[in-house]
Participant: 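Let me give you the structure first, and then I'll get to my questions.
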Protein chains: 2
Amino acid sequence: MISTTLLKLHGKPGEKTYSEVTMVTIKQVSEKAGVSSATVSRVINDTGTVKQKTRELVMQAMAELGYRHNVVAASLASNKTHTIGYVVPELHGSFFGAMMGGTEQALRQAKKHMLIATGHSDAQIEKEQIDALLSRRCDALILHVEAVSDEYLVSLVHQGVDLVVVNRFIEEIGDNCISLDNVKGGYLATRHLLDIGHTQIAYIAGSLFKADGKKRLTGHQQALADMGVEYTDNLTYEGNFQAKSGTEGIRALVARGAKFTAVACANDEMASGAMIALRELGRRMPEDVSVIGFDNVDFASYLSPGLTTIDYPVQKIGSMAAHWVLERVYGHSHHEYQHILSPRLILRGSTSSPE
Amino acid sequence: MISTTLLKLHGKPGEKTYSEVTMVTIKQVSEKAGVSSATVSRVINDTGTVKQKTRELVMQAMAELGYRHNVVAASLASNKTHTIGYVVPELHGSFFGAMMGGTEQALRQAKKHMLIATGHSDAQIEKEQIDALLSRRCDALILHVEAVSDEYLVSLVHQGVDLVVVNRFIEEIGDNCISLDNVKGGYLATRHLLDIGHTQIAYIAGSLFKADGKKRLTGHQQALADMGVEYTDNLTYEGNFQAKSGTEGIRALVARGAKFTAVACANDEMASGAMIALRELGRRMPEDVSVIGFDNVDFASYLSPGLTTIDYPVQKIGSMAAHWVLERVYGHSHHEYQHILSPRLILRGSTSSPE
DNA sequence: AGTTTAAGTGTAAGCGCTTTCATTTTTTAT
DNA sequence: ATAAAAAATGAAAGCGCTTACACTTAAACT
């Protein structure tokens, strides 16, 4: 319906939209340059062999006509879109932005683009979005999905879909997963508290039905065991990863008469909530009680005292995912990646030796 | 090169990638359903008229064959990609995620997708990205670009490119811009301080070569003027929107002997930096000095005291941009949008009447 | 029953590009 | 100079879909 010839343009004059008005084709370029369209394609894609002389001729013609490559047509013909589909739960907050930033940086150099969709932690929506991205023929998918089952993802991989699952580990397709060692993170946090002399350590856990919540707690327990400190449920409170549950956690622990000189939290939000409760109770930090978080979110350093925490290398996870795709899907070599990343301790003012 | 017939498949067995292995076409569906491919297209797109009976036949055939619509081919044929190109300076941080989130929410219902690119506040890169998105034949662009000139954007619009510029106002293409009333924001902040009784108000400005920095300062000055308080350069410090410059700002102001009971900052980062310096100087907040920020970033509420600030409705800007596109490019009506959004005051603990 | 009008389908021509294969031109080796 | 090999190029067949346009069938009027 929309054509190259201006004659066929519809709509009132002055209202021609971009795609209607300019559509110089490879054909026109080839005619102007006196070569075949195949040759023009070759210079555009830098494939095959083209004499320097002809290449210049073509470039000249493209410049003069104001040619713009039509990637859609190229994708159809070549069956490659150079596009990565990306599904994340949400766009707001700093976590996914950082992750996508890591991916984008690696992908930009390779001239790949990202098509972004949100899954809202809803299985139905997640599937629809994956479907839509597949319909758009993305060359690969990067998925941070939370509601969809392991089996579903496994089946996609078995169908031959090139995808990498981030921040989630599925044994059966471990090679397609890139995730953080959460047990180690939990271990590192509590180990730090133990190392500086604490023995009475409360723990505010994340939702235990979530893999991350459970693993971080496991790490906490392992650290205690390693250092010969007995673990007790009395010192543990199960929160839900929200700031408020950190506040409630401290109140609940105090209410049940738990004695502690330090508290480890399964994420920074809960740690900040815990700090609010501790301040209300008149406990100084870190003098009376040390607090450690997990994730190292942006605001951790803005809290006072600055929050000691475990760094979640989220940007790195994003870039690892990109490297996986570059190496596995596009066959670019020299793109190394690991499947399990290690967290590390970030020391700030919220922890110190007990007095 | 890659074809439907399995015969032509290359690569080792078991390594067939998704796109190679499955490619049921509309043709095959049409044969199975005993109709023409035009009819299949009609049911897929819900265009034209199709008898209920045939529609079911086609749906059935699609289900049985596991048909997946090829959006790339459809885009080429229809000259519509249902894709919006999005350029932001960076992906990390919470600002652009919130904005894109606002856009995505509005776009998802309309089944449009976002192709995301980063411009890194570099004119060269910004242009390249815009170019790439145009080559991918995005139906429209949403641009938060900082380095590229007004003229460049104006010329794109004049070329017929459907684009909306966010967080930036360009008179000549005002209809394509969606931005915040920064003057009003600056006004609101200082007006609040004045209203609660302050008269000695320091101002830590953002970079004044940036439009936002300048406008916020203008608002500050207008508020002073409105309330009959004289503006003096001695109480103003030009920062650069970074936290550190807030700290330096306070130090510089104090060093030059400025007297103030409140300080307004051009953004929250600088406000948090200012709070650090004030705390070092032993000034209590808000008792000795009130602090107000601008933007209402995530961590503003985590600071102690909570930071009173001006809300930047970034998510709303994102959704306005989406509505603009939906209305103007896709002709969906009932999508209202405004070009200039109003900021509003967010009261927290960092401001109070002077003692 | 005979027209009109509307509804439902099919035919086929693209959309702008890539890529195989055959052919021509150039280079290198004899 | 000539044969053989390598480098350049062109012709043409798609990629999978949309969409005028023509046509057939069904419904709605006289």
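Residue numbers start from 1 in every chain, and the chains themselves are labelled A, B, ... in the order their sequence lines are given, proteins ahead of strands. For the numbers below, each heavy atom of this structure counts, side chains included, while hydrogens, waters and symmetry mates do not. Since the model is a prediction, treat every value here as computed from it, not as a measurement.
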Participant: Under 4.0 Å between any heavy atoms, over every strand shown, what does B/Thr47 touch: base, sugar-phosphate, or nothing? Just pick one.
Facilitator: nothing

Participant: Could you tell me how far apart B/Asn79 (CG) and D/dT18 (P) are, to the nearest whole angstrom?
Facilitator: 13 Å

Participant: What integer distance in Å separates A/Glu56:CD from D/dA8:C1'?
Facilitator: 15 Å

Participant: A/Leu76 CG to C/dT19 P: how many Å, rounded?
Facilitator: 12 Å

Participant: Which nucleotide sits closest to the side chain of A/His69: C/dT18, D/dC17, D/dT18?
Facilitator: C/dT18

Participant: Measuring from the side chain of A/Ala38 (C-beta onward, heavy atoms only), which nucleotide among D/dT9, D/dA12, C/dT9 has the closest atom?
Facilitator: D/dA12

Participant: For the pair made of CD in B/Gln52 and C1' in D/dA26, what is the distance, rounded to whole Å?
Facilitator: 17 Å

Participant: Categorize B/Thr49 for me: base, sugar-phosphate, or nothing, with a 4.0 angstrom heavy-atom threshold over every strand shown.
Facilitator: base

Participant: What I want to find out is whether A/Arg55 reaches A/Asp46 closely enough, with some N-O distance under 4.0 Å, to be called a salt bridge.
Facilitator: yes

Participant: Classify the nucleic acid contact of B/Thr39 as base, sugar-phosphate or nothing, counting any heavy atom under 4.0 Å across all strands shown.
Facilitator: sugar-phosphate

Participant: Counting the atoms with a prime plus P, OP1 and OP2 as sugar-phosphate, which does B/Val35 contact under 4.0 Å by heavy atoms, base, sugar-phosphate, or nothing?
Facilitator: sugar-phosphate

Participant: Reckon B/Ala74 touches a base, only the sugar-phosphate, or nothing at all at heavy-atom distances under 4.0 Å?
Facilitator: sugar-phosphate

Participant: Do B/Arg68 and A/Asp131 meet the salt-bridge criterion of a basic N to acidic O distance under 4.0 Å?
Facilitator: yes

Participant: Counting side-chain heavy atoms from CB outward, which of D/dC17, C/dT18, D/dT9 is closest to A/Asn45?
Facilitator: C/dT18

Participant: Kindly indicate whether the side chain of B/Arg42 and the base of C/dG10 share any N or O donor-acceptor pair separated by less than 3.5 Å?
Facilitator: yes

